[in-house]
Amino acid sequence: MTTQYKVCSCNHTMPLDAAAGAALGEALGTAPLKPASQLCRREVGGYLDALQGVDRVVVGCTQEQALFAELAEQKQTVAPIRFVNLRESGGWGKEARQSLPKMAALLAAAALPDVEPVPTVDYDSGGQALLIGPAARVLPWARRLSSQLQVSMLLTSGDAAQPLPERDLPVFSGTKISIDGWLGAFKVRWQQANPIDLELCTRCNACVAACPENAIDLNYQINLDACTSHRDCMKACGAVGAIDFMREDTARGGDFDLIFDLSDQPLITLHQPPQGYFAPGADPFAQAEQALQMAQMVGQFSKPKFFTYKEKICAHSRNQTVGCNACVEVCSAQAIGHAGNHIQVNPNLCVGCGACTTVCPSGALSYAYPRATDLGRRIKTLLTTYAHAGGRQPALLLHSQAKGAEMLLEIGRLAGAGAGKLGGLPAQVMPVDLHHVASVGIDGWLGAICHGASNVLVLATGEEAPQYLEALETQIAVAQAILGGLGYEGRHIALLRAANARELDAQLREFQLQPLAMVPAQRATFNIASEKRTTLEFAFDHLLKHAPAPRTDIALPAGAPFGSVSVNASACTLCMSCVGACPESALIDNPNLPQLRFVEKNCVQCGLCEKTCPENAISLTPRLLLGEAAKQPAVLNEAQPYHCIRCSKPFGTLQMIENMLSKLSLHGAFAGNIERLKMCSDCRVIDMMDNKKETSILELKR
């Protein structure tokens with residue numbers, strides 16, 4: 001399928017003329033492009049003509065995307081249409097005239113084929129909503145929402161100015177509230193703390209009239225501070241039985257589709273609460289906004305399944321010993337938990353941040369939205385086209401599709417209008433939008449460096465969980481240590497923290513003033529693979545091959561997913577417990593000799609071997625070993641084999657047998673037959689059957 005490109009100077013506010021169109025066409029491998037000046041107005045015919053066939057159409061404008069999409073629908077075209085922002089991302093700003101290579105790269109990336117769809121996670125919401133909080137907030141919103149949702153109320157406190165309505169809506173009261181679940185599947189539990197159970201109360205007002213202390217109002221909850229426990233209210237309630245000061249069964253609960261939490265402090269304090277849970281608190285504007293969102297969440301919904309999991313290479317646990325726990329600790333939605341020797345990811349709670357895949361050292365968790373291969377192809381296309389168009393020192397700016405994209409639009413528009421002396425995006429900085437910036441880690445960054453990127457900038461806007469930023473900083477430190485260890489000078493990868501467009505503009509200007517970062521003299525040809533460790537192996541080989549100062553042993557900071565294993569040979573008995581615990585086959589035995597061997601490129605520094613070793617003989621050292629030495633098994637410990645004293649077959653090590661003799665020689669089962677410990681299992685049985693002097697259990701007197 002060929003591609004038609006439609007670009008526009010937006011009423012001559014961008015430097016797109018005939019010469020620029022010819023340069024873009026050459027970079028994209030097409031005929032010279034003919035830039036329009038008013039593609040969405042008087043020159044719209046050129047766009048409509050492009051829709052006649054089945055060729056892919058790439059429009060370099062997102063400002064009028066809605067109009068172009070509507071025109072395509074009216075024309076009933078079958079041509080695939082893509083939109084890419086050339087204006088705010090490069091055409092407006094101080095360096096607009098140097099931005100043609102970036103524009104060509106963005107157009108080429110937009111023309112890539114569609115990626116394969118990912119599996120989805122489904123939700124089913126019937127509109128059963130539980131409103132939680134004080135009566136003063138819950139009751140007004142219950143009245144407003146009851147026409148759209150099936151509303152229930154859980155009151156945490158009463159309000160004399162807000163009497164309970166008629167029993168047309170379920171009303172509960174309670175404390176110690178717990179919430180589990182997600183959209184369409186919430187389970188709420190609470191304790192019935194007040195003597196009056198609102199589920200039983202008929203609102204007859206007999207208790208209100210009977211109470212001499214006026215401790216009961218029209219919320220039908222007893223003010224226990226004012227109550228003197230004379231129990232007149234219980235007598236007035238009579239057979240209804242709604243009032244019980246000695247109630248033992250206080251557990252209550254229910255299942256709901258939506259939660260509207262109006263408490264002062266949210267009951268769920270996660271940075272990423274589950275979908276279907278809203279906690280606007282006391283803010284009336286937030287209440288109105290989130291009530292509108294909640295009212296629309298009735299029906300069937302789906303979202304992408306953001307991850308894939310290969311439990312075979314997961315380094316979380318072995319034999320009930322926890323090794324790597326990085327994904328569990330970093331998840332801000334509590335979607336990941338311990339499940340035996342592996343982890344379990346709840347796809348309904350997962351919000352797609354991808355931080356778990358970034359910190360996963362083995363690649364057992366990988367991101368699927370987009371897949372690593374799809375993102376890698378996009379990055380490679382951007383960098384290759386940029387270089388083909390004559391661009392130099394390219395930088396990638398990874399940003400979120402939410403607040404990050406809004407910030408880039410703002411910085412471009414302010415720069416285009418000359419407001420605030422903003423410069424806009426530099427000519428060499430190419431934006432790459434992601435569902436979440438935490439979803440790309442060291443494999444993606446180093447892959448981009450190998451494909452020609454001088455810098456990879458990660459934009460944090462404040463919407464990220466704090467642990468995500470800590471994880472990114474740790475990964476950046478490891479990546480920079482590797483690049484610096486190979487002699488690539490400069491700051492290649494950076495985390496930019498900006499709350500608004502002006503802060504981002506200032507950081508970009510500051511970054512431009514830094515010395516240029518050194519990159520490999522030749523761009524790599526490999527494609528980013530779906531397996532993290534495979535991509536890293538390709539990247540390490542390329543970086544080493546073109547390194548300004550080649551070396552094969554690079555020290556890394558603590559927490560790095562690469563390193564060596566050291567064994568205290570005097571303590572190690574070669575029991576091979578570590579081999580059985582290693583999930584990555586980094587520690588292996590020798591079937592022919594009593595040897596403990598180590599393949600360093602497989603090690604993810606999960607620590608399972610260190611925690612499993614009964615002799616505490618293992619220690620870990622973070623480092624990166626490159627070259628063939630990292631791929632070949634190295635002997636960490638070996639011992640002289642011990643031969644059976646009866647048949648001469650090797651069945652253990654000399655040190656192991658000596659330790660066993662010292663520990664078991666006084667044991668009742670071996671005290672009189674110590675020589676059997678020196679025999680293999682077969683000869684031990686034969687010796688027991690041949691020794692007629694031993695007393696048999698059958699010969700014992702009764």
Side-chain angles (χ1 to χ4, degrees), residues 2-40 43 46-47 50 56-64 82-112 378-397 399 408-409 411-413 415-418 422-433 448 451-455 457 505 508-509 511-512 516 519 523:
T2 59
T3 302
Q4 297 188 62
Y5 298 94
K6 308 301 292 184
V7 296
C8 178
S9 67
C10 198
N11 200 23
H12 304 292
T13 60
M14 292 192 291
L16 285 176
D17 52 19
L24 289 174
E26 182 180 357
L28 296 168
T30 68
L33 305 187
K34 297 180 180 179
S37 62
Q38 296 181 24
L39 186 64
C40 60
E43 295 173 280
Y47 166 71
R56 183 185 296 110
V57 178
V58 174
V59 181
C61 174
T62 55
Q63 168 68 35
E64 299 295 333
R82 309 281 179 75
F83 299 94
V84 59
N85 187 329
L86 298 183
R87 192 177 70 176
E88 283 83 1
S89 62
W92 283 356
K94 291 183 178 179
E95 299 182 11
R97 295 193 176 279
Q98 292 81 44
S99 294
L100 276 181
K102 174 166 60 174
M103 293 184 185
L106 294 174
L107 290 167
L112 287 171
R378 182 178 168 199
I379 288 175
K380 187 176 181 180
T381 299
L382 283 170
L383 294 170
T384 302
T385 307
Y386 181 88
H388 185 61
R392 299 181 60 190
Q393 302 292 328
L396 300 179
L397 179 60
H399 66 89
L408 293 189
L409 282 176
I411 193 175
R413 290 173 181 174
L422 269 66
L425 282 186
Q428 77 272 25
V429 175
M430 291 179 283
V432 179
D433 65 301
H451 286 132
S454 296
N455 304 103
L457 310 176
D505 189 81
L508 290 172
R509 302 283 85 74
F511 202 85
Q512 281 187 299
L516 296 178
V519 296
R523 292 197 307 275

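Computed from heavy atoms alone, side chains included, the values below leave out hydrogens, waters and symmetry copies. Position 1 is the first residue of the sequence; numbering continues from there.
Panel note: side chain Glu88, backbone Leu408; no donor-acceptor pair is recorded below 3.5 Å. Judged by distance alone, the side chain of Gln4 and the main-chain N or O of Val57 form no donor-acceptor pair under 3.5 Å. No donor-acceptor distance shorter than 3.5 angstrom exists from the side chain of Asn455 to the backbone of Leu457, with no hydrogens or angles considered. A donor-acceptor pair is defined here as one N or O able to donate and one able to accept, closer than 3.5 Å; no such pair exists between the side chain of Lys102 and the backbone of Pro431.
For the atom pair His451 NE2 and Arg523 CZ, the distance stands at 9.5 Å (nearest 0.5 Å). Distance CG/Leu383 to OG/Ser454: 9.0 Å, rounded to 0.5 Å. Taken from CZ in Arg87 to SG in Cys61, the straight-line distance is 6.5 Å, to the nearest 0.5 Å.
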> What do the steps show when you test Thr62 against Val84 for side-chain contact (heavy atoms from CB on, under 4.5 Å), and what is the final call?
Replying inline: CA-CA 6 Å; Thr62 55; Val84 59; 5.7 Å; no
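In terms of the salt bridge (charged side-chain N to carboxylate O under 4.0 Å, His left out) criterion, residue partners of Asp433 (sequence neighbours excluded) are, by chain and number, Arg378. The side chain to side chain contact (heavy atoms under 4.5 Å, CB included) test applied to Ala427 returns Glu95, Gln98, Ser99, not counting sequence neighbours. Applying the salt bridge (charged side-chain N to carboxylate O under 4.0 Å, His left out) test to Arg56 and every residue at least two apart in sequence or in another chain returns nothing. Applying the side chain to side chain contact (heavy atoms under 4.5 Å, CB included) rule to Cys40 yields the partners Glu64, Leu67, Phe68; only residues at least two apart in sequence or on another chain are considered. The salt bridge (charged side-chain N to carboxylate O under 4.0 Å, His left out) check on Arg97 picks up nothing, with sequence neighbours excluded.
Residue pairs satisfying the salt bridge (Lys or Arg N to Asp or Glu O under 4.0 Å) criterion with at least one member in residues 6-16, sequence neighbours excluded, are absent.
Here the shortest heavy-atom pairing between Ala104 and Ala389 reads CB-CB, 4.3 Å.
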